[in-house]
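Every chain is numbered from 1, with letters handed out A, B, ... down the list of sequences.
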Number of protein chains: 2
Amino acid sequence: MIAGQADMALVAEAENGEQALSAFRAHQPDITLMDVRMPTMGGIDAITAIRAEFPAARIIVLTTYEGDAQALRAIKAGAAGYLLKSMLRKELVETIRSVHAGRRRIAADIASELAEHVADDELTVRERDVLALVAVGNANKEVAARMGISEETVKTHMKNVLTKLGARDRTHAVVVALKRGIIDI
Amino acid sequence: MIAGQADMALVAEAENGEQALSAFRAHQPDITLMDVRMPTMGGIDAITAIRAEFPAARIIVLTTYEGDAQALRAIKAGAAGYLLKSMLRKELVETIRSVHAGRRRIAADIASELAEHVADDELTVRERDVLALVAVGNANKEVAARMGISEETVKTHMKNVLTKLGARDRTHAVVVALKRGIIDI
DNA sequence: AGGCCGCTCCCTCTTTCGGGGGATGCCGCC
DNA sequence: GGCGGCATCCCCCGAAAGAGGGAGCGGCCT
C-alpha cells in the first residue's frame, strides 16, 4: 500500500524489535511504522532504543487497540504518531505525511481516552505487581507470600488501586487495568 | 496484496456485516475474508447470514487474537478458515488457495487452543450473564437484583463457572473468560 | 416414560475482602 | 533541610465470597 504512493517508498521490514533497530541503523528511514506487540523486543523498547541512537527518528505506532496506558508509554518513549490498525488506509498515508512534516498525530479515539485519564494518578510499580498477581487468582495472602511482604501491605496497595482506577472491587479493577493496557496477561 | 497475486482478484470490500452481506449477494466471490470485530453487525452474524443464503460460501476469518471461544463460534457459524492478522502474507495466500480447493484451514495456535478445550463444558447462557455482570464489578447480591433471581442462584452459577473455567476465584474466572473470548467487555 | 441438563433455591461455616482509621522509614526534589 | 510520594505495617469490623452439602422443576431427547 505504501509502495503504491507516488511520494513514498518501503525501504525495510522487520519482525521484531531487534530487527527493527538494526534495520533502522541500515536505512535510517524518514518514517518508521511500529507495531507494539512483537516477540523478543517489544515496540515500546524498540522506540526507546531507536530514539536513543537517533533522536530525530519519526516513529508512528500502528497497532490494534491496547488501551490508553499503552499509548501513553509509546508517546513517552518518543512516538510521533499513534494509529489503530482498524483505521482506513487514507488516514495512514495522511498521518505519514503529517508526521513527515513534523507534526504529531494521535488517533482521535486514543486521544480522547488519554485526555480522560490525564488527571488520574498512575499506578505505582508495586501496585501493578500486586494487581497482576491478583489477576491470575491470587488471594491477598498469596500475593503477600509471593512478593515477600505482609498481607496488610497488599491490602493497602489494593485499596490504592481501587481508588486510582475507580473500580468497584478487585475483579473490576483487573478488567479496567486490562482494558486500559495497564497490565498484560 | 491479494490483487498482486496472479490467480486472485479483489472484487469487493465492506466495512461492516451488512455491507458484507449485500456485497456478497452482488459479487458471490469464491472466497470471503471476514473480520469478526465490525460495527453494526459482527463477523459471526455476517457469516451466519451469508451461509444461510449461500450454503456453499467459503469464508475465512481474519482477525486479531480473540480466544478459542470466538474461533469456535466462527467455525460453528460455517467459517472454513481462521487466521490471525499477525500471520505472514504467505500464509494468507496459501490459506486462500487451500480453502478454495475445498479444505479447511485453522491457524495452528488457534487449533491447539481449541483442542485444549474440546473436553471442557462450555458455559451456559446464564453463567455467562452472571460472569459478565461480575466482570464490571457487581457483587453477587447486585447481580441477583439485576437478573431478578436470588443471590443463592448467583452463587450456584459462579460455583459452576469457577469449576468449568478452572479458575481460582471470580477475578481469575473473568480474566480467563476474557482471554478465551467467552465474554466481551 | 425415564433420564439428563439447565435453572432455580436453600442451609452452614470459614475465609477473604474492603472500608475506616493511623503510623513509620526512605528517597528524591526543591 | 524540609516536604511529598512511595512502600511498608498495624488495628477494627461488617459484608462478601466460596466450599460444602441438598433439592425441586421444566424441557428435551431418546
Whole-Å distance, Glu152(B) CD to dA23(D) P, equals 16 Å
I'd like to know if Arg37(B) and Asp184(B) make a salt bridge, using a cut-off of under 4.0 Å between side-chain N and carboxylate O. yes
Rounded to the Å, how far apart are Lys155(B) NZ and dC10(C) P? 12 Å
Keeping the roles fixed (side chain from Arg104(A), backbone from Ala79(A)), state whether a donor-acceptor pair exists under 3.5 Å. yes
What is the distance from CD1 of Ile149(A) to C1' of dC9(D), rounded to the nearest Å? 10 Å
Quick check: does any side chain N or O of Gln5(A) sit under 3.5 Å from a backbone N or O of Ile2(A), one acting as donor and the other as acceptor? no
Spacing between Leu133(B) atom CG and dA17(D) atom C1', to the nearest angstrom: 17 Å
Rounded to whole angstrom units, what separation is found between the CD atom of Glu142(A) and the P atom of dT15(C)? 14 Å
More than 12 heavy atoms from other groups under 6.0 Å of CD on Glu151(A): yes
Can a side chain N or O of Thr153(B) be found less than 4.0 Å away from OP1 or OP2 on dC9(C)? yes
DNA chain C: Ser150(B) or Asp121(B), which has the more 5' nearest nucleotide? Asp121(B)
Can you check whether Thr124(A) has a side-chain N or O nearer than 4.0 Å to OP1 or OP2 of dA7(D)? yes
Walk me through it: do Val130(A) and Val161(A) pass the test side-chain contact (heavy atoms from CB on, under 4.5 Å)? CA-CA 9 Å; Val130(A) 167; Val161(A) 168; 5.9 Å; no
Between Leu83(B) and the options Ile106(B), Val61(B), Leu92(B), the side chain to side chain contact (heavy atoms under 4.5 Å, CB included) test singles out Leu92(B)
If I take atom CG in residue Leu123(B) and atom P in nucleotide dC7(C), what distance separates them, rounded to the nearest angstrom? 10 Å
When Ile31(A) is tested against each of His100(A), Arg97(A), Met8(A) for side chain to side chain contact (heavy atoms under 4.5 Å, CB included), which residue passes? His100(A)
Any Lys141(A) side-chain N or O less than 4.0 Å from OP1/OP2 of dT16(C): yes
Between C1' of dT8(C) and CD of Glu151(B), the distance in whole Å: 14 Å
If an axis is fit to five pairs at each end of the helix from dA1(C)-dT30(D) to dC30(C)-dG1(D), what is the angle between the two, to the nearest 10°? 50°
Tell me, which of residues 156-184 of chain A have any heavy atom that sits under 4.0 Å from an atom in DNA chain D? Thr156(A), His157(A)
Looking at Arg126(A), does any N or O in its side chain come under 4.0 Å of the phosphate oxygens OP1/OP2 on dC6(D)? no
Using salt bridge (charged side-chain N to carboxylate O under 4.0 Å, His left out), reason through Asp169(B) and Arg170(A) one step at a time and then give a plain yes or no. CA-CA 11 Å; Asp169(B) 58 33; Arg170(A) 54 175 50 218; 5.2 Å; no
Heavy-atom pair with the smallest gap, counting every atom of Val175(B) and Ala135(A): CG2-O, 3.3 Å
Selection from dT8(D), dA17(D), dC6(D) that lies nearest to any side-chain heavy atom of Asn140(B): dA17(D)
